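Start at 1 with the first residue, then count along the sequence. Every number for a ligand or one of its atoms is a count from 1 in the order of the listing. Note that the coordinates shown come from a computational prediction; the quantities given were computed from them, not determined experimentally.
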Amino acid sequence: MQTTLKIGTRGSPLALAQAHETRARLMKAHGLSEQSFEVVPISTSGDRIQDRPLSEAGGKGLFTKEIEEALLDGRIDIAVHSSKDMPTVLPDGLELATFLPREDARDAFIGKTAKRIADLPHGARVGSSSLRRQALIRRWRPDVEVVMFRGNVQTRLRKLDEGVAEGTILACAGLRRLGLESVITDLMPLDVFPPAPGQGAIGIESRIGDREVEKMLAAIHDAPTGQALACERAFLAALDGSCRTPIAGHATISGEKLSFAGLIISPDGTESHEIKLDGRADEAAAIGAEAARAVRAKAGAKFFDGWA
Ligand SMILES: NCc1[nH]cc(CCC(=O)O)c1CC(=O)O
């Protein structure tokens, strides 16, 4: 390759760490030097809006719009994302088809006064702006107060130090990638605190039909992660990913077998519906869609109308 491959990313420390990990894997897979790549940070609307929950400001697409425009314009060649921040429907001409081996998908608790959520005193404050995490905390500990917490990982940890809350929940994967694993005081079990679809997996978006780039990316794609993500994203897509209905979903792959567990929950945590489905890994997307149908049937149509 004579020209440099331009790697688009958000500018946050976590996003940059993910872009650098992608570059390192491409260098190794293709025997290339750092000079063959350029990491291009792009500011997105999601980064600029800090004063309200993203679900109110327009949802997930806010973190991707400007980056996808750059990809379509040819200003960058690939875009590195946290898969869980990606909408299920992409702009025409783009695909999310490459996934790096998944990090630990679990959520982590970072406690200041207690190491575990179970040990928090009544009325303790836990900071989170994620509807899923808020609902799961309320389901588990209705006596705990959930407070708004936005900003990047470092900002949230600083708020915790300032005493704005007794604890917060962040993705284990993000903390590890930032070298901040030591702040974790407890790991949330997958069954009581299921992660967001896509959590822990770096996804790489590219232009459909860009053969050179597709060849480069094929060498770093992790097939089991791709299958797990196909299942989780099909689940999300079939539930329509309404920003107001918290959705969790996690698939694990073991050889040819896939196991999926999904959950939908009311924002107040009082009503939740779970689904578990096993099947063949090569039918990942169909299993995710089927799980969505089944959990929707359990919940009833009214469940989704309740919290618009
Ligand atoms: N919405 C922000 C975001 N997007 C991805 C991650 C973590 C890394 C990952 O899940 O891959 C985070 C921070 C967090 O939830 O703690």
Side-chain angles (χ1 to χ4, degrees), residues 9-22 25 44-50 52-65 67 79-87 96 98-111 126-137 146 148-160 165 167-188 190 193-205 222 225-226 228-229 232-233 236 241 243 246-251:
T9 171
R10 289 169 57 204
S12 73
L14 175 58
L16 289 172
Q18 296 181 158
H20 291 145
E21 178 177 339
T22 303
R25 286 181 186 270
T44 71
S45 329
D47 296 308
R48 291 189 288 264
I49 299 167
Q50 293 290 335
R52 51 209 147 115
L54 291 179
S55 49
E56 277 168 27
K60 286 189 174 174
L62 291 173
F63 283 120
T64 52
K65 185 166 165 281
I67 295 176
V80 177
H81 302 280
S82 290
S83 300
K84 83 161 169 188
D85 296 332
M86 291 298 286
L96 185 69
T98 307
F99 297 93
L100 302 187
R102 185 178 229 165
E103 246 295 355
D104 194 325
R106 287 175 292 179
D107 272 328
F109 181 66
I110 299 107
V126 177
S128 177
S129 59
S130 141
L131 290 174
R132 175 187 59 86
R133 289 174 181 148
Q134 292 178 350
L136 290 170
I137 295 164
V146 175
M148 247 300 266
F149 238 37
R150 273 227 44 213
N152 67 33
V153 173
Q154 282 82 355
T155 310
R156 297 186 211 194
L157 293 175
R158 199 192 61 232
K159 287 187 183 173
L160 210 55
T168 188
I169 293 176
L170 289 167
C172 176
L175 292 167
R176 286 215 179 133
R177 294 196 183 109
L178 288 166
L180 293 170
E181 199 181 350
S182 62
V183 302
I184 297 173
T185 57
D186 195 24
L187 284 167
M188 314 298 269
L190 288 170
F193 217 91
Q199 186 157 305
I202 295 173
I204 303 165
E205 192 177 20
D222 183 67
T225 302
L229 268 284
E232 293 165 20
R233 286 175 58 76
L236 191 60
C243 288
I247 297 172
H250 184 61

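- Remark: Glu181 pairs with Arg176 by the salt bridge (charged side-chain N to carboxylate O under 4.0 Å, His left out) rule, at least two apart or across chains.
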Begin from the C-alpha positions of Glu232 and Arg102 and carry the test salt bridge (charged side-chain N to carboxylate O under 4.0 Å, His left out) through to its verdict. CA-CA 13 Å; Glu232 293 165 20; Arg102 185 178 229 165; 2.8 Å; yes

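- When side chains are defined from C-beta on, Leu100 does not count as touching Asp222, because their heavy atoms never get closer than 4.5 Å.
- Ligand 1 is surrounded by Leu14, Ser82, Lys84, Asp85, Arg133, Leu170, Ala171, Gly174, Arg177, Gln199, Gly200, Ala201, each with at least one heavy atom closer than 4.0 Å.
- Taking the side chain as every heavy atom from C-beta outward, Thr64 and Arg10 never approach each other to under 4.5 Å.
- No side-chain heavy atom of His81 sits under 4.5 Å from any side-chain heavy atom of Asp85.
- With respect to Ile169, the side-chain contact (heavy atoms from CB on, under 4.5 Å) criterion is satisfied by exactly one of Met188, Gln134, Arg132, Arg156: Met188.
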